Amino acid sequence: MSDRQESESQALIEAGRKLFAGPVSFLMGVAKLEQLPQAFPAEVAFGGRSNVGKSSLINAIAGRHDLARASNTPGRTRELNYFIADEGRLALVDMPGYGYAKAEKAAVSRWQRLIRSYLKGRPGLRRVFILIDARHGLKPPDRDTMDLLDESAVSYQAILTKTDKCSQAELARVRTGVEEEMRKRPAAHPEIIVTSSKTGAGIAELRAELAKLAG
Ligand code: GTP
Ligand code: MG
């Protein structure tokens, strides 16, 4: 990195820190499209398979432990949960996990429909973060979701989660695989963010990315 790039990236890290220095609050849970709030100046969503760590990552970004409900039981998040930061200018949306089939069938298909319609046509949605467990890599439901985002021309970016649980070698292997696949996809952001909500790894970089999107 050149000196200029280095200082630009430091400035973004600082902007990301400031963005979340103020309070982040829960606004509402949306179970039906009709309940969606008015568009925000900037909105980003966190999607991914059940149990991949979406709610935990939102807590880590906000610097709180108990903002979004995280749990060992897959299928914990059942609505589009809106969290508001930056004095109402930025919405973070915690999505129900996809690919979870153990809940009641009718409920699952209701969430899946809600997720699909939301992802296809939400004004102000700047980016969808697709969370991927660093131990497992991409799975068929991730690809289905990315297909939908490519077709709808909605920008998305991969985030590897739970990197504290895997070895450096395993992480490097999964990372390369995900990067290769992202390069072929039209609406995908080429850079991957590598995180652990447990150790805080990658959280400053993710906040910096959010500052770019909100700016
Ligand atoms: P659903 O709402 O069910 O789709 O799950 P989710 O994607 O929101 O996952 P959640 O944040 O509830 O986390 C699932 C489990 O993984 C919880 O037991 C978390 O404590 C754990 N977890 C999440 N992130 C990390 C991480 O970075 N490291 C480790 N070791 N565990 C994590
Ligand atoms: Mg959740």
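All of these numbers come straight from a predicted model, not from anything done at the bench. One-based numbering, in listed order, for ligands and for the atoms of each.
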**Asked** Do R127 and E209 sit within salt-bridge range, that is, some charged N less than 4.0 Å from a carboxylate O?
**Response** yes
**Prompt:** Within a strict 4.5 Å, meaning less than it, do heavy atoms of the K165 and D133 side chains meet?
**Reply:** no
**Item:** Winner among T161, D164, N59, I58 once heavy atoms are compared against atom 29 (C) of ligand 1
**Value:** D164
**Message:** What I want to know is whether T163 and ligand 1 share at least one N or O pair that is separated by under 3.5 angstrom.
**Reply:** no
**Contact flag S55/the Mg ion (ligand 2), N/O/S atoms, threshold under 2.8 Å** = yes
**Request:** Indicate yes or no: does an N/O atom of N51 lie under 3.5 Å from an N/O atom of ligand 1?
**Result:** yes
**Message:** Does R69 have more than 12 heavy atoms from other residues, nucleotides or ligands lying within 6.0 Å of its CZ?
**Reply:** no
**Asked** If we only count heavy atoms from C-beta on, is the L80 to L36 side-chain gap below 4.5 Å?
**Response** yes
**Prompt:** For ligand 1, which atoms sit closer than 4.0 Å to a heavy atom of A70?
**Reply:** 10 (P), 11 (O), 12 (O)
**Asked** Is there side-chain contact between V128 and F46, with heavy atoms separated by less than 4.5 Å?
**Response** no
**Item:** Residue selection (non-hydrogen contact nearest atom 16 (O) of ligand 1) among K162, R78, K165
**Value:** K162
**Message:** If you count every heavy atom of other residues, nucleotides or ligands that lies below 6.0 Å from D3 atom CG, does the total exceed 12?
**Reply:** no
**Message:** Are any of the N/O atoms on S56, whether in the backbone or the side chain, positioned under 3.5 angstrom from an N/O atom of ligand 1?
**Reply:** yes
**Item:** L67 CG to S25 OG distance, which is reported to the nearest 0.5 Å
**Value:** 8.0 Å
**Asked** Is there side-chain contact between M182 and Y156, with at least one heavy-atom pair below 4.5 Å?
**Response** yes
**Message:** Within the 4.0 Å heavy-atom shell around G97, which atoms of ligand 1 are there?
**Reply:** 4 (O)
**Request:** Would you check whether G53 has a nitrogen or oxygen atom less than 3.5 angstrom from a nitrogen or oxygen atom of ligand 1?
**Result:** yes
**Item:** Which residue and heavy atom of the protein sit nearest atom 3 (O) of ligand 1, plus the separation
**Value:** G75 N, 2.7 Å
**Request:** Go through ligand 1 atom by atom and flag the ones less than 4.0 Å from a non-hydrogen atom of S196.
**Result:** 27 (O)
**Asked** Starting from atom 7 (O) of ligand 1, which protein heavy atom do you reach first, and at what distance in Å?
**Response** K54 NZ, 2.7 Å
**Message:** For atom 17 (C) of ligand 1, what's the nearest protein heavy-atom neighbour? Residue, atom name and distance, please.
**Reply:** S71 O, 3.7 Å
**Message:** I'd like to check which ligand 1 atoms, numbered from 1 as shown, lie under 4.0 Å from a non-hydrogen atom of K198.
**Reply:** 26 (C), 27 (O), 28 (N), 30 (N)
**Message:** Name the residue from R122, R89, R126 that meets the side-chain hydrogen bond (donor to acceptor under 3.5 Å, both in side chains) definition with E43.
**Reply:** R122
**Message:** Any nitrogen or oxygen of V52 lying under 3.5 Å from a nitrogen or oxygen in ligand 1? Just yes or no.
**Reply:** yes
**Request:** Starting at CD1 of I130, measure out to NE2 of H189 and round the result to the nearest 0.5 Å.
**Result:** 14.0 Å
**Request:** Tell me, please: is S50 in heavy-atom contact with ligand 1, that is, under 4.0 Å?
**Result:** yes
**Request:** Give the residue and atom name of whichever protein heavy atom lies nearest to atom 27 (O) of ligand 1, and the separation in Å to one decimal.
**Result:** S197 N, 2.8 Å
**Gap separating the CZ atom of R49 from the NZ atom of K139, nearest 0.5 angstrom** = 6.0 Å
**Asked** For atom 2 (O) of ligand 1, what is the nearest protein heavy atom, given as residue, atom name and distance?
**Response** T77 OG1, 2.8 Å
